[in-house]
Novice: 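I have a structure here, written as structure tokens, and I will follow up with some questions on it.
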Amino acid sequence: MKQAFIPVVLGGSRGAYGIGRSLYEEYKVNVHVFCSQIIGPIADVPFFEYHILPKIKEEKVLFDEVNKLENETPGIPKFIFGSDDLYAEFVIVNKDKFPKNWTVPYVDEAVFKRATDKQYFYEACEKLNVPYPKTKITTEFEADLPFEFPIVMKPITSQNYQDLHFEGKKKVYILETPEEYKKSFEAMRKGGYHGEVALQEYIPGDDSTQAVVTVYRSIQDSEVKLISFGQILLEDHTPSGIGNHLAILSREEESVYANVRKLVEEFGFDAFSNYDLKYDARDGQYKFFELNGRLGVSHYYVCAAGENVATYYIKDWLNKEPIEPTIVKNEALFNVVPKRLLLKYTKDPVLRDKIKKFYKTGKVSNPLDCNDGITLKRRLYIESAKLNYFKKFKQYPPEEA
């Protein structure tokens, strides 16, 4: 059956599945997935059409497949989505190389690089009076820091860092002592990362003090059309997965909306962006950590609360429809771990009661679990992936649980 448009998603992560699922649920379209191999999150999905490209990161290989698909389906509009930082940056940088009827629903390269550069981001926060953690950005080991230990350390250019492999590698380092800091800094350098490093004050608090905000600004009138706040309940704490959200409570949080709008306007950031925050009980404010120039891996929490993210792409870029501004107020639970594990690491009695209520009413969304045409093999994968978190959390429990 001929589709009104063809979505193409690059990558094989949970984020890739989430984008594909949201498109399918709203428009009943088959989604073309370009990936190096078919792995668990995207495996055995009836509405996916797989393009397996072992050398997908080579520009010629990818564009040969792009042009092949275009030749096989001429005249049908295409959308291309990047499921993580690397793929999103790739499609943005190569925006002009896609065929004319392919839509790349992202900002231009200059806007993307400025907004996602932590140095510029924190300068914008300072200018706009948006709360952010005390930060020092450097290329050298800094023995004297303007804040006390523990500290947080993370690479500035995460896109370059993502493909490196070395002993002790983490997405984000929480360092208790100067000795830990020096050892981890040297490991990053020996491992091949030579870019800038952000050193930050550590804001105390468990996973539930963290948050994410997803925002959409229209390309038609430069107005913010969607703001969706999510309180993190549980994160992955494995070294390679730290910072990946596993359970999110969608809810209102009026205190952050004005600051989000100020940042979006400052950067002129159209389409989707998302922001990492953490609540600082010392001054009662949410501190902004970074802007990500794409949908987050766990963006399906927005869909769980009743706002399908796919509609914003299609209405704005393809159909040129007017979009009514929405602030998501519905409470909803997004969760990929077993209920028992989530309750174990949720200490706040109010949050525990909410979790139990969501399960009692059946209003819990696992982003990997679309019932439409699901196979037994995929059902088994979803259940085994959930159970595997018992092993992960036994080995890497939350530090402040």
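Being a predicted model, the structure only gives us computed values, none of them experimental.
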Novice: Before you tell me yes or no, could you show the steps for Tyr50 and Val45 under side-chain contact (heavy atoms from CB on, under 4.5 Å), namely the whole-Å CA-CA distance, both residues' side-chain angles and the distance that decides it to 0.1 Å?
Specialist: CA-CA 10 Å; Tyr50 302 100; Val45 180; 3.7 Å; yes
Novice: May I ask you to test the Asn259-Tyr286 pair for a side-chain heavy-atom distance under 4.5 Å?
Specialist: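 No, too far: nothing below the 4.5 Å cut-off.
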Novice: Might you work through the salt bridge (charged side-chain N to carboxylate O under 4.0 Å, His left out) test for Glu59 and Lys97, ending with a clear yes or no?
Specialist: CA-CA 10 Å; Glu59 187 176 316; Lys97 298 177 184 177; 2.8 Å; yes
Novice: Checking side chain to side chain contact (heavy atoms under 4.5 Å, CB included) against Ile232, which of Val212, Leu277, Leu249 comes through?
Specialist: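 So, applying the side chain to side chain contact (heavy atoms under 4.5 Å, CB included) to Ile232 and each of Val212, Leu277, Leu249, only Val212 qualifies.
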Novice: Under 4.5 Å between any side-chain heavy atoms of Lys134 and Pro146, yes or no?
Specialist: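 Contact flag for Lys134/Pro146 side chains = no.
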Novice: How about Gln220 and Asp316: does a side-chain donor come under 3.5 Å of a side-chain acceptor?
Specialist: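 Side-chain D/A pair, Gln220 to Asp316: present.
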Novice: Taking the side chain as every heavy atom from C-beta outward, state whether His194 and Arg189 have any atom pair closer than 4.5 Å.
Specialist: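 In contact.
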Novice: What do you reckon, are the aromatic ring centroids of Tyr257 and Phe229 less than 6.0 Å apart?
Specialist: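 No; Phe229 has its ring centre 6.0 Å or more from that of Tyr257.
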Novice: Tell me, with the steps shown, if Tyr161 and Met188 meet side-chain contact (heavy atoms from CB on, under 4.5 Å).
Specialist: CA-CA 9 Å; Tyr161 187 72; Met188 288 175 69; 4.0 Å; yes
Novice: For Gln200 and Tyr122: C-alpha separation, side-chain torsions, deciding distance, then whether side-chain hydrogen bond (donor to acceptor under 3.5 Å, both in side chains) applies.
Specialist: CA-CA 11 Å; Gln200 293 181 321; Tyr122 295 133; 2.5 Å; yes
Novice: Tell me whether the guanidinium CZ or amine NZ of Lys28 lies under 6.0 angstrom from the six-membered ring centre of Tyr24 and within 45° of its axis.
Specialist: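 Judged by the rule, Lys28 and Tyr24 form a cation-pi pair.
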Novice: Looking at Tyr275 and Val264, what are the two nearest heavy atoms and their distance?
Specialist: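 Scanning both residues, the minimum pair turns out to be OH-CG2, 3.2 Å.
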Novice: Does this structure show an ion pair linking Glu89 with Arg294, if we count only N-O contacts that are shorter than 4.0 Å?
Specialist: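 Salt bridge flag = no for Arg294 with Glu89.
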Novice: I would like to know whether Glu307 and Ser228 meet side-chain contact (heavy atoms from CB on, under 4.5 Å); could you show each step before the answer?
Specialist: CA-CA 9 Å; Glu307 282 296 317; Ser228 180; over 6 Å; no
Novice: Do you know which of Val337, Leu333, Asp206 makes side chain to side chain contact (heavy atoms under 4.5 Å, CB included) with Leu233?
Specialist: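 Answer to the side chain to side chain contact (heavy atoms under 4.5 Å, CB included) test with Leu233 among Val337, Leu333, Asp206: Leu333.
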Novice: After noting the C-alpha distance and the side-chain angles of Leu175 and Lys183, does the key distance pass the side-chain contact (heavy atoms from CB on, under 4.5 Å) rule?
Specialist: CA-CA 10 Å; Leu175 306 166; Lys183 181 180 178 181; over 6 Å; no
Novice: Check Asp64 with Lys68, please: is the shortest side-chain N to carboxylate O separation under 4.0 Å?
Specialist: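 Between Asp64 and Lys68 there is no salt bridge, as every charged N stays at least 4.0 Å from the carboxylate O atoms.
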Novice: If you apply the rule side-chain hydrogen bond (donor to acceptor under 3.5 Å, both in side chains), what do you find for Arg379 with Asn371, and how did you get there?
Specialist: CA-CA 9 Å; Arg379 176 67 67 195; Asn371 288 320; 2.9 Å; yes
Novice: Counting the benzene-type ring for Trp, do Phe5 and Tyr27 have ring centres under 6.0 Å apart?
Specialist: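 Here the rings of Tyr27 and Phe5 have centres that are less than 6.0 Å from each other.
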Novice: If you take the centroid of each ring, where Trp contributes its six-membered ring, are Phe112 and Tyr106 closer together than 6.0 Å?
Specialist: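 Aromatic pair excluded; centres sit 6.0 Å or further apart.
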Novice: What I'd like to find out is whether the side chain of Leu23 reaches to under 4.5 Å of the side chain of Phe81, using heavy atoms alone.
Specialist: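 In contact.
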Novice: Taking all heavy atoms of Tyr193 and all of Pro155, pick out the closest pair and write down the distance.
Specialist: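 Taking every non-hydrogen atom into account, CZ-CB, 3.5 Å.
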Novice: With Asn244, which of Arg14, Lys171, His237 fulfils side chain to side chain donor-acceptor pair (under 3.5 Å)?
Specialist: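 The side chain to side chain donor-acceptor pair (under 3.5 Å) with Asn244 is passed solely by Lys171 among Arg14, Lys171, His237.
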Novice: If you draw the axis of the six-membered ring of Tyr359, does the NZ or CZ of Lys339 fall within 45° of it and under 6.0 Å from the ring centre?
Specialist: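 Ring-cation test returns yes.
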Novice: Say whether, by atom type as modelled, one donor and one acceptor occur between the side chain of Asp117 and the main chain of Lys113 under 3.5 angstrom.
Specialist: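 The answer is no, because no donor-acceptor pair under 3.5 Å joins these two groups.
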Novice: Looking only at the side chains, is there a donor atom on one of Gln285 and Asp283 sitting less than 3.5 Å from an acceptor on the other?
Specialist: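 Present: a donor and an acceptor within the cut-off.
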Novice: What is the minimum heavy-atom distance between Ala124 and Leu263, and which atoms define it?
Specialist: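 Closest approach of Ala124 to Leu263, heavy atoms only: CB-CD2, 4.3 Å.
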Novice: Start with the C-alpha distance between Glu331 and Lys357, add both sets of side-chain angles, then the distance that settles salt bridge (charged side-chain N to carboxylate O under 4.0 Å, His left out), and finish with yes or no.
Specialist: CA-CA 11 Å; Glu331 289 198 348; Lys357 180 180 177 182; over 6 Å; no
Novice: How far apart are the closest heavy atoms of Arg114 and Tyr120, and which atoms are they?
Specialist: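 Smallest heavy-atom distance, with atoms named: O-CB, 3.3 Å.
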Novice: Taking atom types as modelled, is there a side-chain donor on Lys78 or Thr73 under 3.5 Å from an acceptor on the other?
Specialist: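 Present: a donor and an acceptor within the cut-off.
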Novice: Going by heavy atoms in the side chains, are Ser208 and Thr346 under 4.5 Å from each other?
Specialist: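 No, too far: nothing below the 4.5 Å cut-off.
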Novice: I'd like to know if the side chain of Tyr173 pairs up with that of Glu180 as donor and acceptor (distance under 3.5 Å, no hydrogens or angles considered).
Specialist: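 The criterion, which ignores hydrogens and geometry beyond distance, is not satisfied for Glu180 and Tyr173.
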Novice: One thing to verify: whether Glu25 and Arg21 come together as a salt bridge, which I'm taking to mean a side-chain N less than 4.0 angstrom from a carboxylate O.
Specialist: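 A salt bridge is present here (some side-chain N lies under 4.0 Å from a carboxylate O).
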Novice: I'd like to check Val260 versus Phe288 (side-chain heavy atoms, cut-off strictly below 4.5 Å). Are they in contact?
Specialist: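 Yes, their side chains come closer than 4.5 Å.
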Novice: Measure the acute angle between the ring planes of Tyr312 and Phe272, then classify it against the limits of 30° and 60° as parallel, tilted or perpendicular.
Specialist: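 The rings of Tyr312 and Phe272 stand perpendicular, inter-plane angle above 60°.
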Novice: Scan side-chain atoms only and decide if Glu26 and Tyr313 contain a donor-acceptor pair under the 3.5 Å cut-off.
Specialist: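 The answer is no; no qualifying pair exists.
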Novice: Establish, yes or no, whether the cationic atom of Lys278 lies under 6.0 Å from the six-membered ring centre of Tyr202 and within 45° of the ring axis.
Specialist: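 Pair Lys278/Tyr202 counts as cation-pi.
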Novice: So do the side chains of Cys370 and Phe47 get within less than 4.5 Å of each other, counting heavy atoms only?
Specialist: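 A side-chain contact under 4.5 Å exists here.
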Novice: Output yes when a side-chain donor or acceptor of Arg217 lies under 3.5 Å from a complementary backbone atom of Arg261, and no otherwise.
Specialist: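 No, Arg217 side chain to Arg261 backbone: no donor-acceptor pair under 3.5 Å.
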Novice: Minimum heavy-atom separation for Met153 to Val197, with atom names?
Specialist: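 Shortest heavy-atom contact: CG-CG1, 3.3 Å.
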Novice: Would you call Phe79 and Ile19 a side-chain contact if the rule is heavy atoms closer than 4.5 Å?
Specialist: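 Of all side-chain heavy-atom pairs linking Ile19 with Phe79, none is under 4.5 Å.
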Novice: Do Lys118 and Tyr132 meet the cation-pi criteria used here (NZ or CZ under 6.0 Å from the six-membered ring centre, within 45° of the axis)?
Specialist: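 No; the conditions do not both hold, so Lys118 does not lie above the ring face of Tyr132.
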Novice: Can you confirm whether the side chains of Tyr216 and Ser218 place a donor and an acceptor under 3.5 Å from each other?
Specialist: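 No, because no side-chain N or O of Tyr216 sits under 3.5 Å from a partner of the opposite role on Ser218.
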